[in-house]
Amino acid sequence: MRMNDFGGYTVPAQGLYPFQWNWDSAIVSAGWAVFDEARAWEELEKLFSGQWEDGMVPSIVFHRPSNTYFPGPDIWGTPQKPSKSTGITQPPVAALSVRFLYEHTENPELAEQKLVSLFPKLLAWHRWWYKARDPENTGVVAILHPWESGMDNSPAWDESMKFPIDKLPRYVRCDLNHVDSCMRPTQETYDRYLTLLHRFKAANFYDPSRLYWISPFRVTDLCVNSILIRANRDLRWLALRLEKDDIVKEIDEWLNKGFEGFKQLWDEDSGLFKCKDQLTGKLANAPISAAFLPLFAGVATKEQADKLTHNLERWLGQVNYGVPSMDPEDHRFEPLRYWRGPVWIIMNWMISNGLRHYGYDELADRIKDDSISLTTKAGLREYFDPLTGDGAGGRNFSWTAAMCLAWLDRPAAIAIGHKMSGPKKHLNA
Ligand SMILES: O=C(O)[C@@H](CO)O[C@H]1O[C@H](CO)[C@@H](O)[C@H](O)[C@H]1O
């Protein structure tokens, strides 16, 4: 963590990801909290220093230049706001971290002060999600780029990414200088990432009121939506501390709508939740590990939870280390390629945490134990091969380190996300 500290923000991995990434930083701040609280708050403040006027918190904030990542600030070309950044966002984990920091603080005065200054920023971001990404009031929000999901290369996007590729300015990828191409997205996938970027840039520099309507990629993603619901629960908990009753009511509305919205993502045939293409109305035919995240959100019914765990046990029976990012029996499963098979410790944390809330302690423990085995065996890698346990992708990876500190090294009762709160009717778990 100290090694990747670039001065108030932590890069996910040197070289490969040399800027401040949004959901990485939120998780990393929970790791800092375990041994340097002031630094933990600073991480979040630095992230929110990149917040846009309309409330969006960008997926990457480019605090200082680097030529080891593509696409960097010159390609994104966003106006200085106040730092340069991307024009898209990432899963809203930050409210979870603020609650974790606040609840476990050894310096209540500092925590109170930071909460008061960060709360309106968190609220503005959550409001942005509903305004900019659910203008049709469905209860669930849209992502407009695979990078927004955090699971960039997931097979869940394969169908929705079949839009025509635009004529692009010539470009050179940097990721392949750091990681073997067999682990990264294909060239065609990158062309589509870039097509979206350039179309959004042409829409008056990522104007949020236009992007939703013009994007050829518009998907209801399980990862963002589950995290948003869980983050709403923590934002509500924080609003209660600050005695902001009107805001509690506003959040309850989001939770009510969210419970309804998630119903359209359940696929009874497979016993899994699925992402949904909003433009075709079809569920994505891809059994991915985010299917289990509605447990983390607390929106799955008991019956759904039973079916999910049945599937999860089958998946775990096929690998040596869980949880693979896609069903290992699916023909598209690739144990080493980005989001198409490998294990991510942050996904394990969310799945294990959700299972525990639903009372599946044995499975929750198994996933935690696998995560300990993987990080012990292979080190702090970006992700891991579920068959061999080998590490892959970036090395000395910040959020993997943070997960060791804030989750794996701690008893469940004080780990990040130990408590799922909210009104009784919103607690299926
Ligand atoms: O592949 C990339 O270039 C970037 C694009 O944002 O995405 C990967 O790395 C990020 C930093 O660790 C993570 O936040 C994402 O979840 C992960 O998929």
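The structure displayed is predicted, hence computed values, not measured ones. As a basis for the values below, the full set of heavy atoms in this structure was taken, side chains included, without hydrogen atoms, waters or symmetry mates. By convention here, the first residue in the shown sequence is residue 1.
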OG of Ser25 to CD of Gln90, rounded to nearest 0.5 Å, is 9.5 Å
Open item on the list: Given the ring of Trp237, does Arg241 sit roughly above its face, with NZ or CZ under 6.0 Å from the centre of the six-membered ring and within 45° of the axis?
Closed with: yes
Salt bridge (charged side-chain N to carboxylate O under 4.0 Å, His left out) pairs touching residues 212-226, sequence neighbours excluded, are Glu136-Arg218
Decide yes or no for Trp129 and Val224: does some side-chain heavy atom of the first lie under 4.5 Å from some side-chain heavy atom of the second? yes
Minimal heavy-atom distance between Gln51 and Ala124, with the atoms involved, is NE2-CB, 4.0 Å
Those residues at least two apart in sequence (or on a different chain) that pass ring-ring contact (aromatic ring centres under 6.0 Å, His included) with Trp254 are Tyr130
Taken to the nearest 0.5 Å, the spacing of Trp41 CH2 from Leu101 CG works out to 4.5 Å
Check: Pro287 and Arg332 side chains under 4.5 Å, non-hydrogen atoms: yes
Here the salt bridge (charged side-chain N to carboxylate O under 4.0 Å, His left out) pairs for residues 108-121, sequence neighbours left out, are Glu45-Lys114
Is a side-chain donor or acceptor of His178 paired with a backbone partner of Thr68 at a separation under 3.5 angstrom?
yes
Should Phe296 and Leu96 count as side-chain neighbours, where that means a heavy-atom distance under 4.5 Å?
yes
The complete set of salt bridge (charged side-chain N to carboxylate O under 4.0 Å, His left out) pairs with one or both residues in residues 4-18, sequence neighbours excluded, reads Asp5-Arg39
inquiry  = Determine whether a donor-acceptor pair (N or O, by modelled atom type, separation under 3.5 Å) exists between the side chain of Arg337 and the backbone of Pro185.
reply    = no
Residues 23-36 vs salt bridge (charged side-chain N to carboxylate O under 4.0 Å, His left out), sequence neighbours excluded, gives Arg2-Asp36
So, Trp399 versus Trp344, ring centres under 6.0 angstrom or not?
-> no
Is it true that, when you exclude Arg199 itself, more than 12 heavy atoms of the residues, nucleotides or ligands shown sit nearer than 6.0 Å to its CZ?
yes
request  = Mind running side-chain hydrogen bond (donor to acceptor under 3.5 Å, both in side chains) on Thr138 and Asp134 for me, showing each step along the way?
outcome  = CA-CA 6 Å; Thr138 64; Asp134 186 22; 2.9 Å; yes
If you define the side chain from C-beta out and look only at heavy atoms, does anything of Arg64 sit under 4.5 Å from Tyr9? yes
_With no hydrogens and no angle check, just 3.5 Å: does a side-chain donor-acceptor pair link Thr89 and Trp128?_
no
(request) May I ask you to decide if Val98's main-chain N or O and Asp234's side chain share a donor-acceptor pair within less than 3.5 Å? (result) no
Rounded to the nearest 0.5 Å, the CZ atom of Arg340 sits from the OG atom of Ser325 at a distance of 9.5 Å
Handout entry: Donor-acceptor contact below 3.5 Å, side chain Asp370 vs main chain Gly322
Key = yes
Residue pairs meeting side-chain hydrogen bond (donor to acceptor under 3.5 Å, both in side chains), one or both in residues 222-231, sequence neighbours left out, come to Arg230-Asn353
For this session: Go through the side-chain N and O atoms of Asp207 and Ser209 and say whether any donor and acceptor fall under 3.5 Å apart.
Result: yes
Looking at Lys201, I want to see if its NZ is surrounded by more than 12 non-hydrogen atoms of other residues, nucleotides or ligands under 6.0 Å. yes
The ring-ring contact (aromatic ring centres under 6.0 Å, His included) partners of Phe262 (sequence neighbours excluded) come to none
With a 4.5 Å cut-off on side-chain heavy atoms, are Thr400 and Arg381 touching? no
Residue set satisfying ring-ring contact (aromatic ring centres under 6.0 Å, His included) with Phe70, at least two apart, ordered chain then number -> Tyr171
- Heavy-atom side-chain contact between Pro71 and Tyr193 under 4.5 Å: no
When every non-hydrogen atom of Leu283 is compared with those of Leu265, the smallest separation belongs to CD2-CA, 4.1 Å
Give the ring-plane orientation class for Trp21 versus Tyr17, where under 30° counts as parallel, over 60° as perpendicular and anything between as tilted. perpendicular
Discussion item. Assess, by modelled atom type and distance only, whether the side chains of Thr186 and Thr189 contain a donor and an acceptor separated by less than 3.5 Å.
Written reply: yes
Review point. Should Arg192 and Glu188 be marked as a salt bridge (charged side-chain N to carboxylate O under 4.0 Å, His left out) after you check the CA-CA gap, both sets of side-chain angles, and the distance that decides it?
Key: CA-CA 6 Å; Arg192 291 179 199 280; Glu188 189 184 323; 2.6 Å; yes
Between the CH2 atom in Trp23 and the CD1 atom in Ile27, the distance rounded to the nearest 0.5 Å is 6.0 Å
Nearest heavy-atom contact between Pro324 and Phe333 is CB-CE1, 4.0 Å
Is the distance between the ring centroids of Phe19 and Phe62 less than 6.0 Å?
yes
For Pro58 and Gly50 the tightest heavy-atom approach is CD-O, 3.1 Å
For side-chain hydrogen bond (donor to acceptor under 3.5 Å, both in side chains), just list the numbers for Tyr358 and Gln304, CA-CA rounded to whole Å, side-chain angles, deciding distance to a tenth of an Å, and then say yes or no.
-> CA-CA 11 Å; Tyr358 279 76; Gln304 289 169 338; over 6 Å; no
Between Phe6 and His63, does the ring centroid distance fall short of 6.0 Å? no
Flag the pair Met161 / Thr195 as yes when at least one side-chain heavy-atom distance between them is below 4.5 Å, and no otherwise.
no
For a quick test of your reading: what N or O donor-acceptor pairs under 3.5 Å do the side chains of residues 406-422 make, sequence neighbours left out?
residue	atom	partner	partner atom	Å
Arg410	NH1	Ile414	O	2.9
Ser421	OG	Arg99	NH1	2.9

Query raised in the report: Got Trp157 and Ile143 here, is their nearest side-chain heavy-atom distance under 4.5 Å?
Result: yes
So CG of Leu211 and OH of Tyr206: to nearest 0.5 Å the spacing works out to 9.5 Å
Interatomic distance, CG@Leu222 vs CD1@Ile227, rounded to 0.5 Å, equals 11.0 Å
So side-chain hydrogen bond (donor to acceptor under 3.5 Å, both in side chains) across residues 145-156, not counting sequence neighbours, yields Arg133-Glu148
### Query
Just wondering, are more than 12 heavy atoms of other shown residues or ligands nearer than 6.0 Å to CD in Glu106?
no
Enclosure of Lys244 NZ (heavy-atom neighbours >12, cutoff 6.0 Å) = no
Taking every heavy atom of Cys404 against every heavy atom of Leu380, the minimum-distance pair comes out as SG-CD2, 3.8 Å
| Would the number of heavy atoms belonging to other residues, nucleotides or ligands and lying under 6.0 Å from CG of Asp180 be above 12? | yes
Between Leu122 and Ala94, the two heavy atoms sitting closest are CD2-CB, 3.7 Å
Applying side chain to side chain contact (heavy atoms under 4.5 Å, CB included) to Ser160 and not counting sequence neighbours gives Phe217, Val219, Asp277
Taken in chain and number order and not counting sequence neighbours, the residues that satisfy salt bridge (charged side-chain N to carboxylate O under 4.0 Å, His left out) with Glu250 are Arg127
